[in-house]
Amino acid sequence: MFKYGTEHLTVNKAIAIANGTLHAGMTEDVKNNIKKCRQNVETIASSNKAVYGINTGFGPLCDVQITPEQTSKLQENLLITHAVGVGNPIDKELSKIMMICKVHALCQGFSGVRLELIERIIYFIENDLLPIVPEQGSVGASGDLAPLAHLFLPLLGEGEFWVDNSIKPAKTVLKQHGLKPMKLEAKEGLGLINGTQFILAHAIIGLKKMAYLLDLADVSGTMSLEGFQGSASPFKEALHKIRPFKGNLKVAERIRMLLKDSQNLENHFECSRVQDPYSIRCMPQVHGASRNAYYHLNELAEIEMNSVTDNPIILSETEAVSGGNFHGQPLAMALDYASIAASELGNIADRRCYLLLEGKYGLPRLLTEAGGLNSGFMIPQYTTAALVTENKSLCFPPSADSIPTSLGQEDHVSMGSISGRKFNQILGNIEKILAIELMYAAQALEFRRPNTFSKTIEENFKIIRQQVAKLEDDRVLKDDINTLITMVKNQVFIVH
């Protein structure tokens, strides 16, 4: 069992909890810490001292003190008034990961919410009660206010849940589960909606996807190298040891593995070519730079996963610190960097596709032996070109922008929610680009037979050919492309 509030949460563990392969719960020590922090909140709430978010208004109304009798209404109003998101609902998995990350933060005992509130959220997680959360509306400053307000409206019997693929009112679904709407108490509304869990959930999903795509880019790139009959020299360990970026070393090592025992490589060992184009030769440097960005984002996301990002933080019965742990800038900037890194995987893959069409070194032009009557693989590269340019347009860094909100109280915001969403859009396009490269590379390998390739390349060639046949004469390629995109999304290719 993963222990909320004490164990170290990672990308893989968060996803495992979400898909039900890892159970998570609270220890008695964690429960006692939550209760102790709650007692501190109640002491502060009953005092005459004004403490932000406990017995005062919010944002620019922080100078208005609230009576103990108004406390519950204040916290419930907070969720209701901040639930102003627009656009399509986010994926169910994102909603679930948001709740998992929020529970882990609340269980660290600095947020001051009641134990029964956390237990209710855990019930939602364990029973797949997944709230509807619109994708737009967060500026990523006092955390992801709008998305988190929508996420937790169902605690009050407001908002909506997913039920299979339909949307149902929260009151109806709660009643079906024998649950009554909850009343919020001092600090609880703020503890729920302050935080970076929307940005974080997008980072987690994106990191999981990017890890596979980085590996797959090495595979598709090496298949293109073999189809092009490129050189193995640029991947020698000695070369990369004298410029030892972690990602570069990893990619060079992987390409050496993917070329191991290649008869095709040996077949042109003494060829007259001096150099390959950069899209072949510089894979360790380009793919490696993207890996370095991935490592950086993963490091920061793990810090955020195991942090407390609401406000104020309750340190004792006399001290509540109002700070800025909810500000999304640390993740926003790294997500923008990772977006550029992901985009470059598609950029260089498109160049390799183009390279295979040129008809050099024994390959027929457009990868067809019957050119003229047949256009072969001319047109799918138009699609990769379009996707690459779309990704470039998505690389504008939202974290470089800020629009003041809350009457200037929140005068610098991160826009990290947009960074997270765009990161995942780019990764979706990379899946499509690499699917097309795999189609091109498999066709190119056909013209190198009877030469054989490494075990991993041969296995992936077989996986492709089980679903997509060699192109002999022109046919509708849309189905082939969509089949390969689905295969990439389902991660069926062998990458290690």
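Just so it is clear, the values below take in all heavy atoms, side chains as well, and ignore hydrogens, waters and symmetry mates. Keep in mind it's a predicted model, so treat the numbers as computed, not measured.
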TODO: Go through the side-chain N and O atoms of Glu253 and His240 and say whether any donor and acceptor fall under 3.5 Å apart.
DONE: no
Open item on the list: Does this structure show an ion pair linking Arg38 with Glu116, if we count only N-O contacts that are shorter than 4.0 Å?
Closed with: no
TODO: Inspect the contact between Lys187 and Asp310 and indicate whether a charged nitrogen and a carboxylate oxygen are less than 4.0 angstrom apart.
DONE: yes
Task: Residues Asp29 and Lys3 bridged, charged N to O under 4.0 Å - done: no
Task: Within-4.5 Å side-chain heavy-atom neighbours: Ile100 and Gln197 - done: no
Task: Chi angles and distances behind the side-chain hydrogen bond (donor to acceptor under 3.5 Å, both in side chains) call for Asn19, Thr21 - done: CA-CA 6 Å; Asn19 64 30; Thr21 58; 2.7 Å; yes
- [ ] Indicate yes or no: does Lys462 engage Glu458 in a salt bridge with an N to O separation below 4.0 Å.
- [x] no
Task: Any pair counted as salt bridge (Lys or Arg N to Asp or Glu O under 4.0 Å), so long as it reaches residues 121-139, sequence neighbours left out - done: Lys96-Asp128
Open item on the list: If you define the side chain from C-beta out and look only at heavy atoms, does anything of Val86 sit under 4.5 Å from Pro134?
Closed with: no
TODO: Report the relative orientation of the aromatic rings in Phe198 and His202; use parallel for angles under 30°, tilted for 30 to 60°, perpendicular for over 60°.
DONE: tilted
Task: Distance-only side-chain donor-acceptor flag, Asn165 / Lys92, under 3.5 Å - done: yes
Open item on the list: Looking at Asp215 and Arg254, is there a salt bridge between them, counting it only when a charged N and a carboxylate O are closer than 4.0 Å?
Closed with: yes
Task: Greater than 12 external heavy atoms within 6.0 Å of Met26's CE - done: yes
- [ ] Verify, without hydrogens or angle tests, whether Ser262 (side chain) and Leu265 (backbone) share a donor-acceptor contact under 3.5 angstrom.
- [x] yes
Open item on the list: Minimum heavy-atom separation for Tyr440 and Pro380, please, with both atom names.
Closed with: OH-CB, 3.4 Å
Open item on the list: Hydrogens and angles aside, do Glu437 and Ser224 bring a side-chain donor and acceptor to less than 3.5 Å of each other?
Closed with: yes
Open item on the list: Taking atom CZ as the centre, does Phe2 end up with more than 12 heavy-atom neighbours from other residues, nucleotides or ligands that are less than 6.0 angstrom away?
Closed with: yes
